[in-house]
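Chain naming here is simple, since letters A, B, ... match the order of the sequence lines and numbering starts at 1 in each. Everything quoted here is computed from the prediction, not taken from an experiment.
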Protein chains: 2
Amino acid sequence: MLSIGTLAKRTGTKVQTIRYYEQIGLMPEPGRTTGGQRRYGTVELDRLAFIRHSRELGFSLEAIRELLDLSDSPERSCAQVDAVAQKQLHEVEARIARLETLRVELQRMINECNADRVADCRILEVLRDHEECLSDHIRPGG
Amino acid sequence: MLSIGTLAKRTGTKVQTIRYYEQIGLMPEPGRTTGGQRRYGTVELDRLAFIRHSRELGFSLEAIRELLDLSDSPERSCAQVDAVAQKQLHEVEARIARLETLRVELQRMINECNADRVADCRILEVLRDHEECLSDHIRPGG
DNA sequence: CTTGAACCTACAGTCGCTGTAGATCCTATA
DNA sequence: TATAGGATCTACAGCGACTGTAGGTTCAAG
């Protein structure tokens with residue numbers, strides 16, 4: 001039987017995070033000692049490891065919830081699992097593309113600035129005037 | 001004199017966001033009509049446009065605050081402006097690198113799965129077992 | 001003068017945690 | 001067996017950068 005602290009250490013999770021996962025129903029309510037402390041077994045350890053590894057790969061908690069549900073029906077087609085992973089891949093690719101655009105724009109902005117004084121700074125100029133931007137379709141949130 | 005709604009439309013910002021910027025001191029408290037509605041001039045329009053464009057380039061509100069402060073001293077060296085932009089560039093590059101790692105891992109995971117049933121799904125297998133991961137140093141937050 | 005769109009304040013919710021306060025529990029050592 | 005102190009408990013606030021809601025008021029066109 002593992003205490004919450006041991007479980008945390010084994011999975012590289014913070015104790016509060018585990019309690020948070022329990023709160024939102026991602027981890028089950030574990031057994032308790034007579035004094036009220038949580039005690040976990042290997043099932044919970046594996047589940048938490050799955051959650052953490054999926055998080056490391058960028059899956060949202062909602063997507064992880066779905067994957068956990070799917071993995072509970074081993075006889076079903078894994079097409080749905082594939083779809084969740086594909087969606088995550090597309091999201092990652094989209095974010096990369098967007099950041100690539102930002103990178104180019106930032107680099108250009110920085111390269112162009114050879115000024116000494118703030119008054120002549122190309123960086124501030126570009127930030128002030130959207131029209132000087134090469135890429136028109138930049139949107140926040142990358 | 002512009003109403004908050006007009007200002008919002010001109011800059012592609014939501015009305016609530018403008019009020020939020022005012023609340024956190026990024027936008028100044030504007031003049032008001034006798035009825036208490038906000039009215040803006042071109043100074044505020046320019047400032048908001050600067051903020052939005054900087055946001056589009058991924059700058060944090062804190063970084064934008066700094067850039068706005070710097071742009072108020074036109075005679076100063078623009079080295080600090082450069083530093084803020086450089087830092088942002090590095091952050092963007094770091095995020096791209098991390099997402100690239102994720103992309104490769106996701107792609108590999110998906111490619112390896114030729115199973116029909118969830119029970120044999122490589123995707124779930126990889127998610128369950130960190131050891132199957134190529135890249136050891138993946139950390140959340142990308 | 002009426003209508004209704006736009007505005008106002010104040011506050012809750014988003015995501016995925018993280019940190020805090022103050023109380024209680026568990027376990028190792030004396 | 002007593003005690004010390006690290007671990008755990010609950011409950012709640014806070015992060016960043018907004019977004020949405022409720023319930024009321026104001027403005028401008030017709």
Considering just the side-chain nitrogens and oxygens of [X], establish if one lies under 4.0 Å of OP1 or OP2 belonging to [N].
| X | N | answer |
| --- | --- | --- |
| B:Lys14 | D:dA17 | no |
| B:Tyr21 | D:dC18 | yes |
| A:Thr17 | C:dG16 | no |

Please state how far atom [atom1] in [X] lies from atom [atom2] in [N], giving the value in whole angstrom units.
| X | N | atom1 | atom2 | value |
| --- | --- | --- | --- | --- |
| B:Glu62 | D:dC18 | CD | C1' | 15 Å |
| B:Tyr20 | D:dG20 | OH | P | 15 Å |
| A:Glu56 | C:dG16 | CD | P | 15 Å |
| A:Met1 | C:dC26 | CE | P | 15 Å |
| A:Leu2 | C:dC26 | CG | P | 16 Å |
| A:Glu22 | D:dT10 | CD | C1' | 12 Å |
| A:Gln23 | C:dC17 | CD | C1' | 11 Å |
| A:Ile18 | D:dT10 | CD1 | C1' | 16 Å |

Starting at the 5' end of DNA chain C and moving along, which residue's nearest nucleotide shows up first, A:Ser60 or A:Thr33?
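The residue whose closest nucleotide sits nearer the 5' end is A:Ser60.
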Between B:Gln88 and B:Leu57 (side chain of the first, backbone of the second, donor and acceptor by atom type, cut-off under 3.5 Å), is there such a pair?
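Yes; judged by distance alone, with no hydrogens or angles, the pair exists.
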Any donor and acceptor pair, going by atom type alone, linking the side chain of A:Arg55 with main-chain N or O of A:Phe59 inside 3.5 Å?
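Confirmed, A:Arg55 side chain pairs with A:Phe59 backbone.
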No-hydrogen, no-angle side-chain donor-acceptor test under 3.5 Å, A:Arg47 and A:Tyr40
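Short answer, no.
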A:Lys87 and A:His90, any side-chain heavy atoms less than 4.5 Å apart
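A:His90 does not reach A:Lys87 side chain to side chain.
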Flag the pair [X] and [Y] as a salt bridge only when some basic side-chain nitrogen lies within less than 4.0 angstrom of an acidic carboxylate oxygen.
| X | Y | result |
| --- | --- | --- |
| B:Arg65 | B:Glu62 | yes |
| A:Arg95 | A:Glu91 | no |
| A:Arg108 | A:Glu112 | yes |

Base-contact (B) and sugar-phosphate-only (S) positions in nucleotides 4-10 of chain C, heavy-atom cut-off under 4.0 Å, - elsewhere
---SSB-
